[in-house]
Amino acid sequence: GSFKNLEKAKQRLSIVVPAALILVLLMIYAAFQSVVQTAMIALCIPMALVGGVLALMLNGLDFSISAAIGFIALSGIAVLNGVVLVSYFNQLKLEGLSGDKLIIEGTKMRLRPVIMTASGAAFGFLPMMLSTGMGAEVQRPLATVVVGGILSATILTLVVLPTIYRLLEKKMKVSKSSMSH
């Protein structure tokens, strides 16, 4: 019975996860009205997944349905941090900043919100990650994925995303209507 339930859950996730990711990308596009910026923000997801996979491996945990749910939650947090950063970069660009000054100022001013978002989520999942009691076999993979992924996503988002924005800055048109609030 358990194996049959696991197979059904995997089938549902194979439909729900891509549908959720497509919906998220469409919402990002609606907010920014830019394929380039949507793609930049979407890059935050693989940056987060790397940390989630490494955290599972380091803790000796197998991929499970619980871990898959953790990857979904992690993707949302990673996208949120990308939106916060790109949105502020766009605001600074509208104010006339460009180049390295835009990236340095934008990253410096959004460092605290990005770290607060990430640390709040990571600290919230830490007790689940360290749990050993009843139900830990379900909680630990989910929490491990989220905590590990948040660490990698935060670091990579603050380094990689500004770099990509800087490289593609001249190709992007930013207007008040494409601002995400």
Side-chain angles (χ1 to χ4, degrees), residues 10 13-14 16-25 27-29 31-32 36-90 100 102-132 136-169 180:
K10 282 183 181 178
L13 281 175
S14 70
V16 171
V17 170
L21 286 175
I22 289 169
L23 186 61
V24 166
L25 293 175
M27 288 190 297
I28 294 169
Y29 179 78
F32 288 93
V36 172
Q37 290 184 1
T38 300
M40 278 192 311
I41 293 168
L43 278 175
C44 294
I45 296 171
M47 292 189 274
L49 298 183
V50 167
V53 170
L54 286 175
L56 279 176
M57 290 171 43
L58 291 173
N59 285 316
L61 298 171
D62 294 325
F63 182 79
S64 63
I65 297 301
S66 178
I69 302 299
F71 281 114
I72 294 169
L74 178 59
S75 298
I77 296 165
V79 164
L80 176 65
N81 283 340
V83 167
V84 166
L85 210 50
V86 170
S87 177
Y88 194 65
F89 288 162
N90 289 345
D100 293 340
L102 180 148
I103 298 303
I104 292 167
E105 183 69 20
T107 305
K108 185 173 76 174
M109 293 305 293
R110 286 298 172 243
L111 178 64
R112 189 179 320 165
V114 167
I115 289 178
M116 291 298 289
T117 302
S119 62
F123 287 132
F125 280 98
L126 206 53
M128 285 173 56
M129 186 175 120
L130 301 174
S131 67
T132 56
E137 67 278 354
V138 174
Q139 295 176 359
R140 284 189 67 223
L142 184 148
T144 299
V145 164
V146 173
V147 171
I150 284 173
L151 291 174
S152 71
T154 302
I155 293 165
L156 291 171
T157 298
L158 290 169
V159 174
V160 175
L161 196 60
T163 304
I164 293 171
Y165 191 98
R166 177 67 177 99
L167 291 172
L168 299 175
E169 179 188 0
S180 172

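A quick note: this is a predicted structure, and the numbers were derived from the prediction, not measured.
- Residues passing the salt bridge (Lys or Arg N to Asp or Glu O under 4.0 Å) test with Glu169, sequence neighbours excluded: Arg166.
- A donor-acceptor contact shorter than 3.5 Å links the side chain of Ser152 to the backbone of Gly149.
- For the pairing with Phe71, the side chain to side chain contact (heavy atoms under 4.5 Å, CB included) check across Ile45, Val17, Val145, Leu142 returns one residue only, Val145.
- Contact detail for Met129 and Arg140: the closest heavy-atom pair is O-NE, 3.2 Å.
- Minimum interatomic distance between Phe89 and Leu102 (heavy atoms only, all atoms of both residues): O-CD1, 3.7 Å.
- Side-chain contact between Phe125 and Gln139 is absent, with no heavy atoms from C-beta onward closer than 4.5 Å.
- Within the structure, the salt bridge (charged side-chain N to carboxylate O under 4.0 Å, His left out) test picks out no pair touching residues 51-69 (sequence neighbours left out).
- Side chains of Ile72 and Leu13 form a contact here, defined as non-hydrogen atoms less than 4.5 Å apart.
- Here the side chains of Val79 and Ile28 are in contact, with some heavy-atom distance below 4.5 Å.
- Atom CG of Leu158 is separated from atom NZ of Lys108 by 14.5 Å, given to the nearest 0.5 angstrom.
- Minimum heavy-atom separation, Ala122 to Val147: O-CG2, 3.6 Å.
- Side-chain contact between Leu43 and Val160: absent, with no pair of heavy atoms (C-beta onward) separated by less than 4.5 Å.
- Annotation: side chain of Leu80 is not in contact with side chain of Cys44 (no heavy-atom distance under 4.5 Å).
- Nearest approach of Leu85 to Gly106, heavy atoms of both residues: CD1-O, 4.3 Å.
- Between Thr154 and Ala118, the closest heavy-atom pair is OG1-CB, 3.0 Å.
- Counting all heavy atoms, side chain and backbone alike, Glu105 lies closest to Tyr88 at O-CE2, 4.4 Å.
- Expressed to the nearest 0.5 Å, how far OG of Ser87 lies from CZ of Arg110 amounts to 7.5 Å.
- Counting only heavy atoms from C-beta outward, the side chains of Val146 and Met128 never approach each other to under 4.5 Å.
- The OG1 atom of Thr144 sits 12.5 Å away from the CG atom of Leu54 when rounded to the nearest 0.5 Å.
- Atom CD of Gln37 sits about 4.0 Å away from atom CG of Asn90, to the nearest 0.5 Å.
- Atom CG of Asn59 is separated from atom CG of Leu56 by 7.5 Å, given to the nearest 0.5 angstrom.
- A side chain to side chain contact (heavy atoms under 4.5 Å, CB included) with Asn81 is found for one member of Ile41, Val114, Ile150 and no other, namely Val114.
- Residue Phe63 qualifies as enclosed at atom CZ: its count of foreign heavy atoms under 6.0 Å is above 12.
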